Amino acid sequence: MIRTVESEQHVSAPVLAAYSYCEAVTGQQARNFAYGIRLLPTSKRRAMSALYAFSRRVDDIGDGTLTPDVKAARLEETRALLARVRAGEVAEDDTDPVAVALGHTAEYFPVPLGGLDELIDGVLMDVRGETYETWDDLKVYCRCVAGAIGRLSLGVFGTEPGARGAERAPEYADTLGLALQLTNILRDVREDAEGGRTYLPADDLAKFGCSTGFDGPTPPQGSDFAGLVHFEVRRARALFAEGYRLLPMLDRRSGACVAAMAGIYRRLLDRIEREPEAVLRGRVSLPGREKAYVAVRGLSGLDARHVSRRTVRRRV
């Protein structure tokens with residue numbers, strides 16, 4: 001059983017300021033993520049914002065305009081900062097608010113900070129321009145940049161006392177991260193191609209005649225682009241189905257947070273499935289009212305109850 005600190009801790013003014021900075025970064029840069037963490041109690045919401053702000057810093061280095069060697073050096077500097085956080089060497093009055101907030105989070109929640117090392121490893125894969133021949137190859141990358149975030153988040157959420165199968169909670173959190181990342185890859189296929197990146201496995205691209213890539217608003221001539229998208233959507237749905245088994249293991253508000261974030265991405269997946277070529281014309285997104293509906297549905301516990309009933313039926 002994974003437990004977290006449920007009661008509010010006394011937080012000093014410098015740490016509160018650091019958390020406020022992280023929450024501002026989260027609100028500005030991660031609207032889907034922000035919808036979910038609004039449902040958490042204050043201490044967990046702050047902790048999730050600290051994890052996001054550090055992750056955002058890593059991602060921004062990888063996505064920036066610096067040369068690959070400078071990016072790699074900056075990422076290693078960020079890894080050194082993470083080592084200081086892990087060693088408890090960041091003072092409350094440190095000038096880096098993200099490090100201050102992350103240090104406080106690590107002190108009060110059992111977050112596996114090694115997951116942020118994995119994130120850095122994944123972004124270094126981007127910097128090196130790695131491509132992926134098979135789904136098994138791509139899973140390694142997805143586990144670094146998304147599965148690790150799922151496991152870090154679980155350190156904040158914790159599991160309910162006596163939750164059946166809670167020893168598998170990190171596995172389900174990791175799998176849910178893979179589902180979210182594969183949805184991201186489908187949504188951003190054109191944007192990534194313009195940036196010189198290809199994430200979908202080369203053997204999948206070849207199978208559907210898409211090996212020439214996606215450099216325009218229409219699929220490669222003679223390809224079965226819709227078939228490729230539907231194939232990857234089925235893979236993502238299977239990952240969601242497995243990862244959703246985490247929900248009944250969480251408390252109501254943590255479960256609502258996960259259900260809201262995952263629900264937004266599942267609806268994005270529905271849109272992509274209905275109109276595959278839309279991802280070649282621009283970024284597919286959900287309107288705010290639909291995101292709000294998903295958040296309310298998550299808070300109601302409908303998704304968690306549905307997963308619980310389905311799990312019981314499988315056991316019978």
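Residue indices begin at 1 and follow the sequence shown. Basis for what follows: all heavy atoms, side chains included, without hydrogens, waters or symmetry-related copies. The shown structure was predicted, so the numbers you read here are calculated from the model rather than taken from an experiment.
Shortest non-hydrogen contact noted between Ser223 and Cys210 is CB-SG, 3.7 Å. Of all heavy-atom pairs between Leu228 and Asp204, the closest is CD1-O, 3.9 Å. Thr175 approaches Leu239 most closely through the heavy-atom pair CG2-O, 3.4 Å. The minimum heavy-atom distance between Ala173 and Gly150, with the atom names listed, is CB-O, 3.5 Å. The two atoms that bring Lys44 and Asp251 nearest to each other are NZ-OD2, 3.0 Å, heavy atoms only. Between Pro68 and Val127, the shortest heavy-atom contact is O-CG1, 3.5 Å.
Between His104 and Tyr19, the ring planes are perpendicular. Angles over 60° get that label, and only those under 30° would be called parallel. Ring geometry for Phe231 versus Phe208: interplanar angle of 30 to 60°, hence tilted.
Under 4.0 Å is where a charged nitrogen must lie from a carboxylate oxygen, and between Asp60 and Arg74 no such pair does. Using a 4.0 Å cut-off between a side-chain N of Lys or Arg and a carboxylate O of Asp or Glu, Arg79 and Asp121 qualify as a salt bridge. Using a 4.0 Å cut-off between charged side-chain N and carboxylate O, Arg57 and Asp96 make a salt bridge.
Phe54 places a side-chain heavy atom less than 4.5 Å from the side chain of Leu82. Under the 4.5 Å side-chain criterion, counting only non-hydrogen atoms from C-beta, Cys144 is not in contact with Leu119. Proximity of Thr198 to Leu205: side-chain heavy atoms (C-beta onward) are separated by under 4.5 Å at one or more points.
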| Would Asp69 and Thr67 satisfy side chain to side chain donor-acceptor pair (under 3.5 Å), going step by step from the backbone distance to the final call? | CA-CA 6 Å; Asp69 57 333; Thr67 61; 2.4 Å; yes
| field | Check against side-chain contact (heavy atoms from CB on, under 4.5 Å), Arg46 and Val11 | value | CA-CA 11 Å; Arg46 289 173 180 158; Val11 183; 3.8 Å; yes
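Side-chain contact, Asp126 with Tyr199: a donor N or O sits under 3.5 Å from an acceptor N or O.
A continuous path of Ile, Leu, Val, Met, Phe, Trp and Tyr side chains, each step under 4.5 Å between heavy atoms, connects Leu16 with Leu102, placing both in one hydrophobic cluster.
Remark: the backbone N or O of Arg38 is not paired with any side-chain donor or acceptor of Arg45 at under 3.5 angstrom. No side-chain donor-acceptor contact under 3.5 Å links Asp94 to the backbone of Ala91.
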Could you go through residues 268-279 and list every donor-acceptor pair under 3.5 Å that involves a side-chain atom there, pairing it with any protein atom two or more places apart or in another chain?
unit_1 : atom_1 : unit_2 : atom_2 : d
Asp270 : OD1    : Arg237 : NH1    : 3.2
Asp270 : OD1    : Arg237 : NH2    : 2.7
Arg271 : NH1    : Ser285 : O      : 3.2
Arg271 : NH2    : Glu290 : OE1    : 3.0
Glu273 : OE1    : Arg237 : NH2    : 2.7
Glu275 : OE2    : Arg281 : NH2    : 2.4

